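If you read the sequence from its start, that first residue is 1, and numbering goes on from there. What you are looking at is a predicted structure, and each value in this text was computed from that prediction instead of being measured.
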Amino acid sequence: MCGIVGYIGHRKAYSIVMEGLKRLEYRGYDSAGIALYDGTDIKLAKTKGKVADLEQRVKDEISTEGTIGIGHTRWATHGVPNDINSHPHYSNSGDLVIIHNGIIENYEAIKTELIKRGYVFKSDTDTEVLINLIEEVKKKQKVKLGKAVQLALNEVVGAYAIAVFDKNKPNEIVVAKLGSPLAIGIGEDEFFIASDASPFIEYTKNAIYLEDEEMAIVRRNKKIKIRKIKDDSEVNPSMQELKFNLEQIEKGGYEHFMLKEIHEQPNAIRDTYRGRLLAKEGIIRMAGIDDNIEKFLNANRIIIVACGTSWHAGLVAEYIFEDLARIPVEVEYASEFRYRNPVITEKDVVIAISQSGETADTLAAIKLAKSKGAFVFGVCNVVGSTIARETNAGAYTHAGPEIGVASTKAFTTQITVLTLIALKLAKSNGSMSNSDFHHHLQELELIPEKVKEALKADEHIKKVAEIYKDAKNCLYLGRGYNFPVALEGALKLKEISYIHAEGYPAAEMKHGPIALIDEQMPVFVIATKKGHYEKVVSNIQEIKSRSGKIIGIVTTGDVDVKNVADHVIEVPETIESLTPLLTTIPLQLLSYHIAVMLEKNVDQPRNLAKSVTVE
């Protein structure tokens, strides 16, 4: 949500900042802007719309000279998406310029006071309030920019990642972070600033990730300085080596990132269990679990906190943990968790799941759980992310960069990690026999090839999508392990095609949703041979008798559903606990093809952001 890019060094800043903004388009945004220092003054261009619109605006309005620049893609919070509310924002004097990701909660009170002092505001944003507060502090306290930023941030409430430039100190950029991610790339006599490392990966493999309530001053020919905002204490930064490359975040011949990422799932799942799953030896190695096994085995319960697709992965995990490891599990929306005064004790283990590792609601849930003494375990995809740093232990999914806003490989790799954990605990606490344990390991090892097989149905799925692309409402049904898959299938369709869809447990259909069924209602039913098959077939008969259109997700070779359904899409057979890794594939592809046929922006659906870093 919002993207920040900055550069200071010996190269031309414009191309670096602009390409960086394009790399951050996946985060979701509605306007974009850039500020360049040409050696004399700050040149600014911004516009509602896409980065391509910004490029045209720059060509028409400003010079692209200079080796210092900052850029921004904005996802609107305060103020509608328009040119004026777009970032960057000047201070009243025009000397300072800022880009900001996050929300300043007490901006109205600050704005009222600044207006009394003669400040004039052009936009409706909280960001313009912040840059003028910094200017007021700098002027009144007679301090340098870095100190002014620090003092101003001690007066604000909310979340932020900011980059501030002062044309009177043209060799430095001041950055700061609280709640929103910020990475600093370290090159030879140059620095890169970004919301994540993708904008500068081809220039340097060395990065520093700011922690909450830290600020940094980056200057040419000088060592980076990082200090705590609260007490001004100096921080010794930890340099990280970036592990992904540029090719991983480009489309690789696919029309959209989402399609590429759907097809990457066989490798992503394999990469996630590689080195952890030793099927022949009957071993699962996970350092985060091995080092804390007693915490899990002695836990009264496991609480899973997550949002969106990650919440659905958590629901699948609830079935897996309780079925295989016999450990009670509760799955909570992270966005609701801390607001209902939950009962948490030192005997609880909290598993926090997030693709980006920066989800604000999930981070808030983590902090609450830690304050109550619970052991917190993180599952995320981004190395060095805030959740990876804030949790007591954790496991990465190794899905590689996920650029499409609608998560696909995040879901299947999260389930893979959670399955490994459940199996390890089941073996450790004796709730699973050795033969069952070995069988599950062998089946999990076969999943990537079975996902490849499921992906071969793509052309058939495209034909089904063509038939139902104009539907106004859709119903998704599943039972047991595949009820969360029904929820996820409905979410994918909503996210990228904007068609209303709902997921339900199949048995709940009779308790209300059956009233919606008529000849206009497509019903996607997950009906694999493993898990309540006969009961799901009965549900399908009930739909058929009311003229509903049935699209069945079935096991290869199925006959019973095929005889009743309007269409079937086959997936390979596997054990029940692993079926979600296969049944989700055709639902992802259906959503993708319907959205493409409706000419929607698949990778950047309206109103959505990849990383939700505000509440």
Electrostatic pair R23:E19 at N-O distance under 4.0 angstrom
no
Any non-hydrogen side-chain atom of I68 less than 4.5 Å from a side-chain atom of L36?
no
Does R338 use its side chain to pair, donor to acceptor, with the backbone of A365 at less than 3.5 Å?
no
Quick one, Y592 and V602 - any side-chain contact, counting heavy atoms below 4.5 Å?
yes
Parallel, tilted or perpendicular, judged at 30° and 60°: which one describes the rings of H87 and H72?
parallel
Are any of the side-chain heavy atoms of T413 and N381 separated by less than 4.5 Å?
no
Looking at D41 and K167, is there a salt bridge between them, counting it only when a charged N and a carboxylate O are closer than 4.0 Å?
yes
Partner residues of A194 under the side chain to side chain contact (heavy atoms under 4.5 Å, CB included) criterion, sequence neighbours left out:
P199, F200
Under-4.0 Å salt bridge between K138 and D166:
yes
Would you say the side-chain atoms of E390 pair up with the backbone N or O of I387, donor to acceptor, closer than 3.5 Å?
no
Below 4.0 angstrom, N of the basic side chain to O of the carboxylate: do E25 and K22 qualify?
no
Side-chain contact test, heavy atoms from C-beta onward, threshold under 4.5 Å: evaluate it for E190 versus H10 and give yes or no.
yes
Without swapping roles, check the side chain of N154 against the backbone of L151 for a donor-acceptor pair under 3.5 Å.
no
Below 4.5 Å, heavy atoms only, C-beta onward: do F377 and N292 meet side chain to side chain?
no
Any donor and acceptor pair, going by atom type alone, linking the side chain of H263 with main-chain N or O of L455 inside 3.5 Å?
no
With no hydrogens and no angle check, is any side-chain donor or acceptor of E402 less than 3.5 Å from a backbone partner on A410?
yes
Cut-off 3.5 Å, side chains only: do S385 and E358 have a donor facing an acceptor?
no
Can you check whether F411's main-chain N or O pairs, donor with acceptor, with T309's side chain at less than 3.5 Å?
no
Side-chain donor or acceptor of K46 paired with backbone N/O of P88 under 3.5 Å
yes
Is it true that R274 and D271 have a side-chain N and a carboxylate O under 4.0 angstrom from each other?
yes
Any side-chain heavy atom of K600 sitting closer than 4.5 Å to one from P605?
no
Before accepting this row, confirm whether a basic side-chain N of the pair E495/K492 lies closer than 4.0 Å to the acidic partner's carboxylate O.
yes
For the pair K48 and D30, find out whether any cationic side-chain nitrogen is under 4.0 Å from an anionic carboxylate oxygen.
no
D603 vs I403 side-chain heavy atoms within contact, under 4.5 Å
no
For S310, enumerate each residue passing the side chain to side chain contact (heavy atoms under 4.5 Å, CB included) test, keeping only those at least two apart in sequence or located in another chain.
A306, I353, Q414
Determine whether a donor-acceptor pair (N or O, by modelled atom type, separation under 3.5 Å) exists between the side chain of Y160 and the backbone of I104.
no
Under 3.5 Å donor-acceptor pairs involving side-chain atoms of residues 208-215, not counting sequence neighbours:
| unit_1 | atom_1 | unit_2 | atom_2 | d |
| --- | --- | --- | --- | --- |
| E211 | OE1 | R389 | NE | 2.7 |
| E211 | OE1 | R389 | NH2 | 3.3 |
| E211 | OE2 | R389 | NE | 2.6 |
| D212 | OD1 | K177 | NZ | 2.4 |
| D212 | OD1 | G179 | N | 2.7 |
| D212 | OD2 | K367 | NZ | 3.4 |
| E214 | OE1 | E211 | N | 3.0 |

Does some side-chain heavy atom of I162 sit less than 4.5 Å from a side-chain heavy atom of V149?
yes
